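In this text the structure is predicted, and so the values were computed from the model without any measurement. The chains referred to below are lettered A, B, ... by the order of the sequence lines, with proteins before strands, and numbering in each begins at 1.
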Number of protein chains: 2
Amino acid sequence: MATIKDVARRAQVSTATVSYVLNGTGAVTEATRQRVLAAVKALNYHPHHAARSLRTRARTLGLVLPAGSPGLADPALAELVAGLADGAAALDYCLLLASAGLETLEAELALELVATNRVDGLVLLDPRVDDARVARLAAAGAPCVCAGPPVAPECPALGYDFEGGALEATRHLLALGHRRIALIALPSDLAASEPFTEGYLQALNCAGLAPDPALVVEAGTTEDDGITAMQELLALPEPPTAVLAAGDALAFGAMHAMRDAGLAAGRDLSLIGMGDLPLAAHTDPPLTTLRAPRRTLGRALARLLALLVERRDGAAPDALLRLPLIIRHTTAPHPRQG
Amino acid sequence: MATIKDVARRAQVSTATVSYVLNGTGAVTEATRQRVLAAVKALNYHPHHAARSLRTRARTLGLVLPAGSPGLADPALAELVAGLADGAAALDYCLLLASAGLETLEAELALELVATNRVDGLVLLDPRVDDARVARLAAAGAPCVCAGPPVAPECPALGYDFEGGALEATRHLLALGHRRIALIALPSDLAASEPFTEGYLQALNCAGLAPDPALVVEAGTTEDDGITAMQELLALPEPPTAVLAAGDALAFGAMHAMRDAGLAAGRDLSLIGMGDLPLAAHTDPPLTTLRAPRRTLGRALARLLALLVERRDGAAPDALLRLPLIIRHTTAPHPRQG
DNA sequence: GCCATGCGCTTAATCGTTTAACCTGGCAGA
DNA sequence: TCTGCCAGGTTAAACGATTAAGCGCATGGC
């Protein structure tokens with residue numbers, strides 16, 4: 001492979017000049033510039049990345065994939081990653097994926113990535129409240145951004161407008177005439193949990209309804225968790241007529257539980273999910289849900305992080321991303337009304 | 001950040017010794033070793049990756065994501081990537097994702113990644129017959145592996161056993177009593193197309209059936225392509241009683257077209273897909289399909305590529321990966337029989 | 001008693017860039 | 001004519017690792 005020296009020799013200049021030309025820094029005559037460029041082309045020269053990042057940053061953003069679990073197989077995550085790669089590419093960064101083995105802790109690996117200078121910054125997924133990872137990263141001075149609600153001042157965050165989404169979804173159910181509206185919430189240690197619940201409560205409040213604690217059940221995140229939660233709701237003395245689930249997977253589980261109880265979503269009960277997974281459009285009946293613009297989020301996060309590592313303090317986290325309500329067929333007017 | 005010099009100073013040795021200790025090369029007394037290790041720990045030292053890869057390889061595998069299109073949002077690709085990241089991690093490599101912008105050609109970007117030494121090798125997706133990309137990479141001497149059937153000698157390939165899979169699937173249909181079995185094939189420029197068709201033909205052949213050219217239709221890869229193809233088949237004077245689709249998306253389209261024609265898969269016609277996308281288990285009725293072990297493939301590919309770049313010539317491509325037939329509800333005995 | 005050997009370490013060259021500091025003409029202004 | 005300055009270069013010192021070569025010293029074979 002040709003090095004900068006080869007280029008310099010061929011263009012009859014010093015390596016510094018070549019560097020100046022290539023980086024657009026320094027003052028160089030047009031004639032010289034052309035000679036250098038010609039040499040670059042002739043030798044098919046590409047600057048050695050490692051050598052370069054010995055002096056500059058690595059121009060690489062890092063993402064560590066959670067250990068086991070679906071990981072990237074989760075379509076939600078996959079699309080986010082696609083957005084990250086996109087956004088990174090747009091600013092001439094690359095995206096480095098590291099798999100946390102079962103033994104390696106996620107934060108450990110992340111720290112190593114920045115300590116070894118493989119990446120300039122990290123994006124963190126699924127922040128928890130008081131997330132230990134961001135604490136560690138922040139302590140180590142590693143630039144990072146969070147996908148989700150803000151959890152620490154050192155770590156700019158960007159996520160969906162869960163509160164607004166839940167508000168809109170709940171209002172939609174209210175508009176359909178429902179009064180007993182249940183919430184299947186995310187685990188409360190997930191930072192996304194609170195604002196979503198907040199939006200739900202606010203909608204009830206606006207409608208002059210007193211929230212019934214029995215109607216909000218904290219679940220996990222999986223389909224199975226949704227089943228359990230729904231069963232719990234159905235077993236209530238006065239079960240809900242509509243359900244808002246804080247995740248599509250939970251909603252799928254809820255549909256499942258309904259079916260097992262001889263009930264149909266969109267007929268006997270209304271159901272709204274969150275996320276708009278690919279599957280959501282294909283359930284029977286298709287799920288009404290809040291669409292999470294994952295790709296957009298990924299792009300924005302990459303951009304935010306890139307700006308952050310470059311200290312161009314345009315790194316003000318953008319506005320939260322709206323979660324538009326996609327109305328399909330699991331929502332219907334309240335029976336007593338329709 | 002602490003450098004190797006700091007460690008050396010603290011441990012009262014030269015930097016070379018530190019390096020030897022850390023890399024396990026060279027001869028060092030146990031006592032010295034311990035001193036060095038202690039210093040490393042005390043200073044929380046992590047070797048600078050760029051500096052290191054100035055002399056060694058980057059220990060990074062590259063993947064360039066196709067420009068537009070679903071990209072990573074395609075669950076099939078996502079899981080493959082997850083496998084790659086996994087496999088890479090297992091051998092202490094990382095995975096670098098690069099998004100080809102619309103302007104940048106995929107091969108161009110790939111070449112640049114290895115020319116700049118950002119990655120040691122590349123994995124190529126969806127190889128076409130006589131793929132221009134592998135030709136370019138091979139010409140440039142860039143180590144690479146293909147996910148799919150072999151397309152060039154320089155580029156070890158590893159993929160699914162399409163032939164065996166198609167054979168098994170077709171045999172299953174034959175065993176159910178079907179005789180007019182159609183094939184919705186992939187575009188013939190996709191390298192995966194031929195072996196799949198081959199397996200299909202071979203099964204017919206073994207059963208003593210003459211293949212009817214009208215029954216094999218070359219489609220694209222999308223659901224829409226599947227619709228078109230199925231409509232074509234249904235319009236035949238003597239339509240098939242069973243259909244083998246070379247991709248789940250095609251199969252979804254075929255189901256769609258069937259439904260539009262008032263037909264139901266699993267009742268009026270049998271249908272088998274390929275891939276076992278997450279959706280496949282959730283269609284109505286659930287799709288019988290060949291399961292592609294994508295994560296496994298990803299892991300194996302990463303391993304293959306890592307060995308290749310390390311010239312440990314254990315880099316013999318493994319055996320093709322079996323495509324087990326997952327029997328769900330779109331396949332049923334031939335009506336006249338059952 | 002002498003030389004070859006091997007151990008455990010250090011010295012210094014090297015990898016391919018970037019960039020601060022310096023140099024050199026030429027030209028404007030006094 | 002002299003001074004000062006600027007544009008357009010060059011030189012050389014980093015950056016932080018790896019690694020070949022060398023060095024001093026004990027040991028063992030002859």
Close side-chain approach of A/D86 to A/R295, heavy-atom, < 4.5 Å: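 A/D86 vs A/R295: side chains touch.
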
Which part of the nucleic acid, if any, lies within contact of A/T25, taking any heavy atom under 4.0 Å across all strands shown: a base, the sugar-phosphate backbone alone, or nothing?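 Counting heavy atoms under 4.0 Å across all strands, no contact is made by A/T25.
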
Rounded to the nearest 0.5 Å, how far apart are CG of A/L125 and CG of A/L80?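 Result: 6.0 Å between the selected atoms.
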
Between B/D189 and B/R128, is a salt bridge (charged side-chain N to carboxylate O under 4.0 Å, His left out) present by the stated rule, with each step listed? CA-CA 5 Å; B/D189 62 333; B/R128 303 167 185 288; 3.3 Å; yes

Could you tell me the separation between the [atom1] atom of [X] and the [atom2] atom of [N], rounded to a whole number of Å?
X: A/K5; N: D/dT11; atom1: NZ; atom2: P; answer: 13 Å
X: A/R9; N: D/dT11; atom1: CZ; atom2: P; answer: 14 Å
X: A/I4; N: D/dA12; atom1: CD1; atom2: C1'; answer: 14 Å

For the residue pair B/T29 and B/T32, confirm or rule out a side-chain donor-acceptor distance under 3.5 Å.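 Distance-only check passes for B/T29 and B/T32.
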
Give a yes/no answer on whether the side chain of [X] brings an N or O atom under 4.0 Å of OP1 or OP2 in [N].
X: B/T17; N: C/dT10; answer: yes
X: B/T32; N: C/dC9; answer: yes
X: A/T15; N: D/dT10; answer: no
X: B/R52; N: D/dT18; answer: yes
X: B/N23; N: D/dT18; answer: yes

Axis-to-axis angle between the two ends of the helix from C/dG1-D/dC30 to C/dA30-D/dT1 (five base pairs per end, rounded to 10 degrees):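 Helix axis angle between the two ends: 50°.
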
Using a strict cut-off of less than 4.0 Å between a Lys/Arg side-chain nitrogen and an Asp/Glu carboxylate oxygen, indicate whether A/R57 and A/E310 qualify as a salt bridge.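 Salt bridge between A/R57 and A/E310, a charged N being under 4.0 Å from a carboxylate O: no.
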
First encountered from the 5' end of DNA chain C, between B/Q12 and B/L54: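 Whichever sits nearer the 5' end wins; that is B/Q12.
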
5′-ward residue of the pair A/S19/B/S14 relative to DNA chain C: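 By nearest-heavy-atom nucleotide position, the 5'-most residue is B/S14.
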
Could you check B/H49 against B/Y20 and say which one's nearest nucleotide on DNA chain D is further toward the 5' end?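 Its nearest nucleotide lies further toward 5', so the answer is B/H49.
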
Is there a donor and acceptor pair, one atom on the side chain of B/R55 and one on the base of C/dT14, closer than 3.5 Å?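 When only heavy-atom distances are counted, B/R55 does reach the base of C/dT14 through a donor-acceptor pair under 3.5 Å.
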
Under the 3.5 angstrom rule, does the side chain of B/H49 hit a backbone N or O of B/A58 as a donor-acceptor pair?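 Yes, B/H49 side chain to B/A58 backbone: donor-acceptor pair under 3.5 Å.
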
Apply side chain to side chain donor-acceptor pair (under 3.5 Å) to B/T60 and A/R118, showing your working. CA-CA 10 Å; B/T60 307; A/R118 281 188 90 119; 2.6 Å; yes

